[in-house]
Every structure is written in C-alpha cells, then in structure tokens.
Asker: 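Mind looking over this structure? Questions follow.
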There are 2 protein chains.
Amino acid sequence: MTDFYSENSRFYVSVDCIIFGLNRGRLSVLLARRGFEPEKGKWSLMGGFVRQDENLNDAAMRVLRQLTGLSDIFMEQVGAFGEINRDPGDRVISVAYYALINFDEHDRHRVMIHDARWVDLAELPELSFDHPAMIEKALAMLRRKFSTEPIGFNLLPRLFTLSQLQALYESVLGEPLDKRNFRKRVADMACIRITDQIDKTGSRRGAALYRYDEDVYRNDHKFRI
Amino acid sequence: MTDFYSENSRFYVSVDCIIFGLNRGRLSVLLARRGFEPEKGKWSLMGGFVRQDENLNDAAMRVLRQLTGLSDIFMEQVGAFGEINRDPGDRVISVAYYALINFDEHDRHRVMIHDARWVDLAELPELSFDHPAMIEKALAMLRRKFSTEPIGFNLLPRLFTLSQLQALYESVLGEPLDKRNFRKRVADMACIRITDQIDKTGSRRGAALYRYDEDVYRNDHKFRI
DNA sequence: TCAAAAGTGTTCAGGGTACACCCATGG
DNA sequence: CCATGGGTGTACCCTGAACACTTTTGA
C-alpha cells in the first residue's frame with residue numbers, strides 16, 4: 001500500500017513559533033535574526049523542520065525549548081501555511097503555533113545565542129516569508145480566547161497584582177478598561193484568588209498579590225473578562 | 001541553499017474535506033467509502049494528496065470539486081493533523097478544511113461515483129484515521145462563527161423562509177430558539193431582506209421568502225443571531 | 001507634604017429572555 | 001372546518017457601562 005502513496009509528492013514541513021511574552025508590561029514576540037539563506041539577516045519567527053520521529057506539536061515544543069529553555073508551555077496551533085512560493089528557498093509547508101510564556105522564566109542566554117530578541121507587538125520590523133500573516137492570525141486567535149478562557153495567566157508570574165492583570169488585558173485587547181468594572185469582574189471569579197502577600201515594588205502603598213487557581217477553574221468553569 | 005533544506009525529511013501532505021450540507025433540514029456531512037487500503041471499505045472524509053503545483057487551499061478546492069462539482073465555495077482551514085501514526089499506511093500530514101455548500105446545487109452523480117453519501121451529524125458511523133477529531137474541530141469552529149458571521153447562508157438556497165433559517169440555526173447550534181426573538185433579531189439586520197416571493201411548499205398559508213444581501217453586510221457589518 | 005498607585009459603589013440604559021395567541025390556506 | 005405552519009408584541013430582569021474620590025506610604 002505504500003506503493004500507492006509513493007506516486008505522490010513529498011514536502012518539507014516546518015513549524016514556526018510565535019512566542020508571546022510580557023516584556024516590561026507590553027505584549028511582545030520573540031524574533032530571531034535568520035542565520036542562513038534564504039533571507040539571511042532578516043528577522044523571522046523561530047522555526048524548524050519537522051522530523052520523522054515527532055508529531056507537529058512535539059516539533060513546535062522542541063523549537064520553543066531550543067530558544068527559551070521552557071517545556072510544558074501553553075501552545076496552540078495557528079494553522080498550516082502552504083503557498084507554493086512562501087519560502088523562496090524551496091517549497092516548504094509550515095505549521096504555525098503560538099505559545100504564551102512567563103517572561104521571567106525564560107533562558108535569556110539561549111535567546112542571545114540564537115541572535116533573537118523580544119519585540120513589542122506595536123513595533124514589528126520587516127519579517128521574512130509569510131510570518132506577518134502568521135502573527136496576525138495568532139494574535140486574532142489570542143484576542144478571541146483571552147476574554148473567555150483563563151489563558152492570560154500563562155504570561156504572568158505566579159503571583160500578580162490586579163494592576164498587572166489589567167495592564168495585560170489592555171495590552172492584548174488593545175483598549176483601556178475601566179478599573180472598577182475590571183475589579184468587579186475579577187472579584188466574582190472564584191479562580192482568581194487573593195493571597196496574603198503584598199507587592200511593594202510597584203507602588204509606595206503596596207498592592208495585594210493574587211494567583212490563578214486552575215483547580216477552581218476546572219470545577220466551576222467560570223471565567224469572563 | 002536547497003542543499004541546506006535537503007538534509008531534512010519530506011512528508012506526504014494531504015487535505016481532508018469536511019463538507020457540510022443541509023439534507024432534509026438536518027446538518028449533514030458528505031462521507032466517502034474508502035476505495036483503497038489502508039482501511040479500505042471504511043467511511044472517511046474525502047481527501048487527496050497535495051501536489052507540487054498547488055497550494056493547500058487549491059488542493060482542498062480540487063477535492064471538493066471532484067466530489068461535488070462545485071467551485072467558488074465557502075471553505076475554511078480547520079488545522080493540520082500530524083500524529084506520526086495517524087495514517088497506518090504511511091506517514092501523512094493532513095490539513096483539514098470544512099466547506100459549506102448549498103445541498104441543492106451539488107452533483108449527486110459524482111457523489112454516487114465516489115461511493116459517498118450524506119450522513120446526519122448525529123448519526124456518524126465509525127470513521128477512519130483521525131477523521132472524527134477533524135469533524136469535531138470543524139464543528140466547533142462552525143458553531144462559533146455561526147452566530148456572529150453570516151456564513152449560514154452558504155447552506156441555504158438563494159431564497160429561504162425564516163422557518164428554514166431558524167431550523168438551520170437550531171440544527172447547527174443544537175438548541176431550540178424562540179421564534180419571536182429570532183425573527184426580531186432578523187428584522188433588524190439589514191442584510192437579510194424580504195422579497196416579494198412566497199414559498200407555498202412548506203405550508204398551506206405560504207411563507208415569505210428572504211434573501212441574504214452580501215453587499216449590505218459589507219457596508220454595515222451588522223450580523224448577530 | 002506630595003506624588004503615585006491602590007482600592008472602592010452606585011446609577012442607568014439597553015439588550016436578552018420569557019411567553020401565547022390569531023392568521024391564512026389547502027384539503 | 002380543521003390541521004398545519006406563518007406571523008406578531010410586551011414586560012421584566014440583568015448585565016454592561018459610565019463615573020470620582022479616598023487611602024497609603026516612601027521619598
């Protein structure tokens with residue numbers, strides 16, 4: 001039966017990772033300067049070819065780990081990109097993924113080694129291939145999910161203030177939110193719990209630290225910002 | 001530079017089409033009985049291998065046309081499926097698409113030739129490979145879009161009654177809707193316009209026929225059911 | 001004492017939901 | 001004349017939006 005398949009064409013398949021992180025309060029993506037042709041020297045998403053012994057998700061996690069040192073990270077497939085000439089080097093079909101990481105935990109050394117840097121979403125440089133379309137689609141998916149599913153906490157430290165949380169939502173949704181309404185909504189979500197810790201770094205007065213409780217969410221499934 | 005790529009593995013890449021149609025008022029999918037190994041004789045989505053001279057969308061449209069005779073159809077990518085052993089015959093990475101077609105316009109002869117049939121979504125048989133997961137994901141995407149974007153009209157004839165439209169929404173969303181509230185919402189969407197035609201086939205009294213006006217939608221972008 | 005961020009309630013309007021009866025017609 | 005689907009309006013509730021001042025404390 002393999003004979004039947006063998007009449008058909010085979011393709012290089014790659015994954016490209018849109019790695020989101022919160023850098024100094026701003027939603028940013030991790031971009032690498034391409035170290036090889038084609039488009040050597042241009043900024044691009046971090047990618048890699050899929051191997052025979054791994055599925056697509058594993059390939060994406062491998063690439064993410066290479067660049068950040070992180071495993072067990074929230075990732076989601078964005079989709080497959082298959083224009084014939086999307087890669088001028090050869091025909092490559094690429095599957096894009098986006099990941100949400102806690103900026104504080106990533107390995108800056110690896111980022112440096114790969115000639116990569118964090119770029120504010122509002123200041124994207126020119127990118128190679130169809131990477132702008134990938135980022136566009138990932139952002140659309142992210143924004144849609146952000147208000148209805150508790151995925152934003154992947155971008156924050158374990159303990160966070162409500163101001164940090166609100167700033168995150170404003171940064172991702174791209175619009176200012178009313179502080180009192182925001183806190184009201186947070187207040188009646190059981191999965192966002194206050195701790196007895198205080199953060200003194202952000203203000204003289206100090207702000208209560210909160211944490212996200214995954215178990216509570218799995219029970220009541222109540223989330224809406 | 002092609003030398004650089006050539007160290008890497010290449011893969012068969014296929015597309016699989018989840019073709020939705022409204023058969024006797026029920027949301028249905030078009031399934032084909034596999035005519036070849038592996039899993040010959042089992043029901044499956046219609047698929048095909050991607051060729052060198054076409055992009056993924058074109059491949060999906062080609063497969064859709066093969067089975068239904070239709071072109072220029074609403075299609076959307078569901079995602080890439082790349083488990084190592086998803087196809088027991090050989091490693092194949094597949095990109096799923098879903099399509100919404102007007103049941104009345106498809107070519108039944110082609111369906112017959114391909115040993116395919118329309119199956120009510122509630123009565124899916126056992127399917128080959130990871131096709132159940134593909135359908136699941138396509139359905140989730142469909143349901144999500146259905147209330148906020150005017151895609152349902154792709155499943156209806158050009159002229160339709162409000163009862164047909166409501167039945168469609170109930171079938172896709174899987175829940176009954178209040179008739180008066182439904183009609184109230186329709187009434188203040190400019191893009192759904194009454195015609196002077198009457199449908200007498202569905203009732204003794206006759207029902208007004210409506211049509212969807214794409215141009216109006218492009219202007220006001222107002223749609224919400 | 002002042003600058004800077006944290007924290008806190010109420011009011012109002014609009015949209016969504018629930019709900020039941022008459023109409024027109026073909027057989 | 002009756003069975004069948006077509007067509008219509010109102011009342012209520014609740015959610016979402018708007019809005020401004022006091023508190024704390026380090027410098």
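Below, read A as the first sequence line, B as the second, and so on, with proteins coming before strands; counting in each chain starts at 1. We use all heavy atoms of the structure for the numbers below, so side chains are in, but hydrogens, waters and symmetry mates are not.
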Asker: Using the closest heavy atom to pick a nucleotide of DNA chain C for each, name whichever of A/G202 or A/D178 lands nearer the 5' end.
Answerer: A/G202
Asker: Whole-Å distance between D/dT23 C1' and A/L162 CG?
Answerer: 16 Å
Asker: Go through D/dG7, C/dA20, C/dT8 for me and flag the one nearest to the A/R180 side chain.
Answerer: C/dT8
Asker: Nearest to the side chain of B/N181 - C/dT17, D/dA20, C/dA6?
Answerer: C/dT17
Asker: Can a side chain N or O of A/R183 be found less than 4.0 Å away from OP1 or OP2 on C/dG7?
Answerer: yes
Asker: Working to the nearest 0.5 Å, report the span between CD of B/E76 and CE of B/M141.
Answerer: 4.5 Å
Asker: With a 4.5 Å limit on heavy-atom distance, are the side chains of B/F20 and B/L155 in contact?
Answerer: yes
Asker: Separation of B/I194 atom CD1 from D/dG7 atom C1', in whole Å?
Answerer: 11 Å
Asker: Between C/dG9, D/dG9, D/dG6, spot the one nearest the side chain of B/K184, thanks.
Answerer: D/dG9
Asker: In the structure I gave you, are the side-chain heavy atoms of A/S28 and A/E123 within less than 4.5 Å of one another anywhere?
Answerer: no
Asker: Do we see a donor-acceptor contact under 3.5 Å between the side chains of A/S94 and A/D16?
Answerer: yes
Asker: Specify the separation, in whole Å, of atom CD of A/Q197 and atom P of C/dA6.
Answerer: 17 Å
Asker: Roughly how many Å is it from NZ in A/K222 to P in D/dT15, rounded to a whole number?
Answerer: 9 Å
Asker: Just to confirm, is there a sub-4.0 Å distance from OP1 or OP2 of C/dA6 to any side-chain nitrogen or oxygen of A/S163?
Answerer: yes
Asker: From CD1 of B/I198 over to P of D/dG6, roughly how many Å is that when rounded to an integer?
Answerer: 12 Å
Asker: Could you say whether B/R204 or B/Y210 is positioned toward the 5' end of DNA chain D, judged by the nucleotide with the nearest heavy atom to each?
Answerer: B/R204
Asker: Rounded to whole Å, how long is the line connecting atom CG of A/D199 with atom C1' of D/dG26?
Answerer: 14 Å
Asker: Given C/dG26, is OP1 or OP2 found less than 4.0 Å from the side-chain N or O atoms of B/K200?
Answerer: yes
Asker: What is the separation between atom CZ on A/R185 and atom C1' on D/dC14, rounded to the nearest whole Å?
Answerer: 15 Å
Asker: I'd like to know if the side chain of B/R86 reaches the main chain of B/I93, judged simply by a donor and an acceptor atom lying under 3.5 Å from each other, with no hydrogens or angles considered.
Answerer: no
Asker: Could you check how far CZ of A/R205 sits from C1' of D/dT24, rounded to whole Å?
Answerer: 5 Å
Asker: Tell me which nucleotide among C/dC19, D/dG5, C/dT25 gets nearest to the side chain of B/S203.
Answerer: D/dG5
